[in-house]
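These notes are about the structure you will find just below.
Numbers here simply count residues along the sequence, with the first being 1.
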Amino acid sequence: MLAVAAAAAVALTFTACSSQGGAQNQNQATGQRFTIAMVTHEAPGDSFWDKVRAGAQQAASELNVDLKYSNNNDGGQQATLVQNAIDSKVNGIAVTLSYPDQVGPVAQKAAQAGIPVVGFNQGIDNYQKYGLKMYFGSDETLAGQSAGQRLGQLNPGGKALCVIQEQGSVALETRCAGVKSAYANTENLQVNGTDLPSVQQTIQAKLAQDPSITDVVTLGAPVALAAMQAKQAAGSQAKIVTFDLNADVAKAIQSNQIAFSVDQQPYVQGYMAVQALWLNLSNGNDIGGGKPVLTGPSFVDASNIGPITQYAAKNTR
């Protein structure tokens with residue numbers, strides 16, 4: 001948290017300079033405008049990444065950075081995108097390590113070639129292994145455990161269904177494992193998050209088959225909305241909780257259709273990944289003291305949803 005506060009203070013300083021042309025003038029004075037590649041495992045149609053990109057683009061705009069964004073939710077293809085960034089001689093790389101065995105070694109090649117690389121969103125347990133300088137994201141084990149503890153308070157002795165929308169994703173598997181560690185009667189359900197009608201049908205069938213399910217835990221906002229429809233169609237009384245936010249989930253929390261969201265603040269992840277690389281390139285800074293900088297878990301529920309609704313509508317929360 002101290003690292004986050006320090007980074008925020010630096011951000012305000014440089015933002016103030018940028019409003020007067022300070023950051024741009026500094027880059028122009030050195031004769032270099034930095035190019036930063038951001039390579040993610042974004043899957044088609046996942047609105048979560050709109051917030052990551054919004055944060056990254058805001059930081060790039062403030063700091064006069066040329067941001068090159070690319071994505072592929074196949075580990076091998078994402079690794080190729082990282083190699084493309086190396087070949088194009090970018091100044092820095094921000095990368096997600098959802099598939100560390102495939103993407104990590106290529107990111108390590110960049111680091112060994114002298115290109116600063118930071119991890120964000122996924123890879124908290126692997127980024128140091130591959131030589132990444134910094135990491136910005138949520139502790140998914142802690143997030144899952146915290147969600148499980150809340151479920152225990154809402155429905156002591158209940159049963160949770162944890163819906164994983166991307167098979168093999170390290171972070172998603174870790175979230176459900178964390179939920180189960182704190183809420184023992186938890187069962188995982190694998191679905192294809194790129195096919196939301198199928199997701200709804202699969203959850204609906206499970207709820208109809210097993211009326212003992214008291215809670216449905218989804219790991220992404222679009223899946224949470226599909227779960228709401230599945231619950232209604234199945235006539236289930238299960239509570240729905242989710243990880244991550246979008247404008248519709250924020251409204252559903254406001255209307256008590258979703259009990260709470262575990263927010264990892266993706267806008268902050270995108271913003272800080274770009275900002276941290278710029279600081280490293282322009283001033284030799286490393287943020288976090290060798291440890292990950294946590295952007296979550298941050299809980300959103302009926303007690304604090306009011307102002308967050310407007311931020312979610314702007315893709316900043």
Side-chain angles (χ1 to χ4, degrees), residues 11 36-63 65-74 77-78 81 85 93-99 118-123 136-138 140 143 163-166 169 171-172 175 191-197 199-200 218-229 242-254 258 260-277 295-300 305 307-317:
I36 291 174
M38 176 169 281
V39 186
T40 78
H41 62 281
E42 174 184 354
D46 190 344
S47 60
F48 172 88
W49 296 98
D50 296 342
K51 298 170 182 59
V52 171
R53 294 184 71 170
Q57 289 164 351
Q58 180 63 33
S61 174
E62 292 173 359
L63 301 172
V65 164
D66 183 12
L67 180 67
K68 304 294 187 184
Y69 182 91
S70 61
N71 63 284
N72 199 298
N73 65 327
D74 175 85
Q77 293 297 321
Q78 189 190 1
L81 293 175
I93 298 174
V95 65
T96 61
L97 294 178
S98 180
Y99 307 101
V118 303
F120 73 102
N121 180 257
Q122 291 201 29
F136 304 96
S138 183
E140 302 296 3
V163 184
I164 301 176
Q165 76 266 23
E166 187 178 339
S169 169
L172 301 186
R175 286 177 180 177
V191 298
N192 178 7
T194 62
D195 184 356
L196 289 176
V199 170
Q200 178 187 334
T218 63
L219 307 181
V223 179
L225 300 173
M228 285 172 52
Q229 296 173 327
T242 191
F243 286 69
D244 301 332
L245 275 174
N246 64 16
D248 291 329
V249 166
K251 291 176 183 176
I253 293 173
Q254 202 165 32
I258 293 178
F260 63 82
S261 168
V262 188
D263 185 19
Q264 60 180 304
Q265 303 186 108
Y267 179 89
V268 176
Q269 293 175 6
Y271 186 98
M272 293 193 71
V274 172
Q275 181 202 63
L277 282 168
T295 64
S298 174
F299 283 91
V300 178
I305 189 61
I308 290 176
T309 302
Q310 60 181 313
Y311 304 141
K314 295 188 297 184
N315 268 336
T316 60
R317 193 65 194 271

### Message
Taking the side chain as everything from C-beta on, heavy atoms only, tell me whether Pro266 gets closer than 4.5 Å to Asn121.
### Response
no
### Query
Hey, is the main chain of Gln264 close enough, under 3.5 Å, to the side chain of Gln269 for a donor-acceptor pair?
yes
### Gln265 and Thr295 side chains, donor-acceptor separation under 3.5 Å
no
### Query
If every non-hydrogen atom of Thr242 is compared with every non-hydrogen atom of Ala224, which pair is closest and at what distance?
OG1-CB, 3.5 Å
### Message
Regarding Glu42 and Thr96, do their side chains bring together a donor and an acceptor under 3.5 Å, going by distance alone?
### Response
no
### Task
Check whether any side-chain N or O of Ser298 sits under 3.5 Å from a backbone N or O of Asp263 as a donor-acceptor pair, and report yes or no.
no
#### Entry: Over all atoms of both residues, closest heavy-atom pair of Gly270 and Met38
O-CE, 3.9 Å
### Task
Identify the two heavy atoms, one from Thr194 and one from Pro44, that lie closest to each other, and give their separation to 0.1 Å.
CG2-O, 4.4 Å
### Task
Test Phe299 against Val262 for side chain to side chain contact (heavy atoms under 4.5 Å, CB included), laying out the working first.
CA-CA 5 Å; Phe299 283 91; Val262 188; 3.6 Å; yes
### Message
As an exercise, state the distance from OH of Tyr69 to CD of Gln57, rounded to the nearest 0.5 Å.
### Response
9.5 Å
### Query
Which value, rounded to the nearest 0.5 Å, describes the distance between Leu225 atom CG and Asp248 atom CG?
5.5 Å
### Task
Under the side chain to side chain contact (heavy atoms under 4.5 Å, CB included) rule, what do Val163 and Leu219 come out as? Steps first, then yes or no, please.
CA-CA 7 Å; Val163 184; Leu219 307 181; 5.9 Å; no
### Task
Would you sort out whether Asp244 and Arg175 count as a salt bridge (Lys or Arg N to Asp or Glu O under 4.0 Å), showing the intermediate values?
CA-CA 12 Å; Asp244 301 332; Arg175 286 177 180 177; 3.7 Å; yes
### Task
Please report the shortest heavy-atom distance between Ala143 and Phe243, naming the atom on each side.
CB-CE2, 3.8 Å
### Query
Taking Thr316 for the side chain and Tyr311 for the main chain, is one N or O donor matched with an acceptor at less than 3.5 Å?
yes
### Value rounded to 0.5 Å, distance of CG in Asp50 from NZ in Lys314
15.5 Å
### Query
Once you round to the nearest 0.5 Å, how far does CG of Leu63 lie from CG of Leu277?
11.0 Å
### Task
Verify side chain to side chain contact (heavy atoms under 4.5 Å, CB included) between Val199 and Gln165, making sure each step is shown before the conclusion.
CA-CA 8 Å; Val199 170; Gln165 76 266 23; 5.7 Å; no
### Task
To the nearest 0.5 Å, tell me how far Asn71 CG sits from Gln78 CD.
8.5 Å
### Task
Check Gln122 against Ser98 and note the closest heavy-atom contact, atom names and distance.
OE1-OG, 3.1 Å
### Summary
One should read off an interatomic distance between Ile253 CD1 and Ile308 CD1, to the nearest 0.5 angstrom, of 8.0 Å
### Message
Using the rule given for side chain to side chain contact (heavy atoms under 4.5 Å, CB included), can you reason through Trp49 versus Thr40, listing the C-alpha separation, both sets of side-chain angles and the distance that settles it, and then say yes or no?
### Response
CA-CA 9 Å; Trp49 296 98; Thr40 78; 3.7 Å; yes
### Task
Locate the shortest heavy-atom distance separating Asn72 from Asp74; write the atom from each residue and the value.
OD1-N, 2.9 Å
### Task
Measure from the side-chain N and O atoms of Tyr99 to the backbone N and O of Asn73, and report whether any donor-acceptor pair falls under 3.5 Å.
yes
